[in-house]
Chemist: 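Could you have a look at this structure, given as structure tokens, before my questions?
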Protein chains: 2
Amino acid sequence: MKLTANALARMMDFSAVRTEVDEAEIRELVREATRRRCICVFPMPCYVPLVKQLLAGNPDVGIGGVVGFPSGAVSTATKVAEARQLLAEGATELDMVINVGMLRSGRHDYVAGDIRAVVETAAGTPVKVILEVHHLTDDQICRGSELCVRSGAAFVKTATGWTPTGATAHNVSLIKRTIGNAAAIKAAGGVRDLKTLLELYACGATRFGVSHVAGGRILDECAAQES
Amino acid sequence: MKLTANALARMMDFSAVRTEVDEAEIRELVREATRRRCICVFPMPCYVPLVKQLLAGNPDVGIGGVVGFPSGAVSTATKVAEARQLLAEGATELDMVINVGMLRSGRHDYVAGDIRAVVETAAGTPVKVILEVHHLTDDQICRGSELCVRSGAAFVKTATGWTPTGATAHNVSLIKRTIGNAAAIKAAGGVRDLKTLLELYACGATRFGVSHVAGGRILDECAAQES
């Protein structure tokens, strides 16, 4: 199946979620997201009000809020408070980080409860749950994926982009085999060219987290192949 | 001035604040902190209840809570909610991350208000403010340090430990020249041996953030020089 650049843009979240991102970069992010018509834009939480203002009601581009990002190791109460704040400020999607340390400790009930609390707070707004695969064994990736699905996640997502490794054909396939169609898959962390993206798409990912720079380059590559 | 290992331990915060830290590492952290009598132990927020239970009322070792860690780019409302939760769970010190992106954007009023909101929530519990120097120019380090002092920080702290560079003689001296005795300085990020620690102490730092592994090694080194 051949993806057009237009269709591909509607599978891409443009993000700028590093510590040092300043207002100028957020303006650039929103400009590119609007121009490219990507599906959603992800700033760090403190910039959600600015993004909402810059998008000025544009219905094409959603506003993403990250929760417990990037460590996942804040308390459930803090994740819930952060989710509530982001929704009040206009977030239309939430990407939360799973509690990686508790998952590695075998505290599956804690992990499930942590996700469920955010899903319930979101009250219908889709929640993607980031596994942070770099720190997990294959077994923990499977177990984490099951917990996401069981707790109401709309998507299982590979990585925050803060770790040395992220989405790979291996771990996207592993997640797909584990969850089937019970949730969608967002590939993030290391998606920097069209070839990688298409490989992950073939493995079952239908959403891609990219920087606006990589995203623009990938869409240009895709458009060049159409012509 | 010669520091004894006992005196040095009372200047050290032992921390385990990475994504992948599991319960076993927290138990080890608390064991080492107790054995070495360091001044305070810093887990990620989700482990504060476990740390409190493990310390079992031991008055020697404080419980540190990190706020908006490690990005600093969560909303002020989320930092306040997180601080309140940590204090309710027993935290005796708070280390918050400054809003680095807003500082880089020149939004000094925002940055000051963000710190002040946490300091007010802390209501007397000391708040250390992490600048995350890796992402700042010398000018921004000075400006950030001034904003910390003006907003009621007890300490200015160099780094989270999540960036490639952290405390150096250069930036600790720069902070010291900027704030004088208006607040104390905590050096963190890259403090892994006694020589580095003593150099930073000579520059004006009086608190040191270290992993329990590096902390133990430094205290052993110090004790060996006493005998």
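In what follows, every chain begins at residue 1, and chains take the letters A, B, ... in the order their sequences are listed. If you're wondering where the values come from, they're calculated on a predicted model, not measured in any experiment. FYI, side chains are in, hydrogens and waters are out, and symmetry mates aren't considered; it's all heavy atoms of this structure.
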Chemist: Dump the table of donor-acceptor contacts under 3.5 Å between chain A and chain B, or return none if there are none.
Modeler:
from, atom 1, to, atom 2, distance (Å)
E20(A), O, R104(B), NE, 2.9
E23(A), N, S105(B), OG, 2.9
E23(A), OE1, R107(B), NE, 3.1
E23(A), OE1, R107(B), NH2, 3.0
E23(A), OE2, R107(B), NE, 2.8
C46(A), N, A73(B), O, 3.0
A73(A), O, C46(B), N, 3.0
R104(A), NE, E20(B), O, 2.9
S105(A), OG, E23(B), N, 2.9
R107(A), NE, E23(B), OE1, 3.1
R107(A), NE, E23(B), OE2, 2.8
R107(A), NH2, E23(B), OE1, 3.0

Chemist: As an exercise: rank A73(B), A81(B), P45(B) by heavy-atom pairs under 4.5 Å with chain A and give me the winner.
Modeler: A73(B)
Chemist: Would you name the heavy atoms of P70(B) and P70(A) that are closest together and state the gap between them?
Modeler: CD-CD, 3.5 Å
Chemist: Using non-hydrogen atoms and a 4.5 Å limit, figure out which bit of V74(B) sits close to chain A: side chain, backbone, both or neither.
Modeler: both
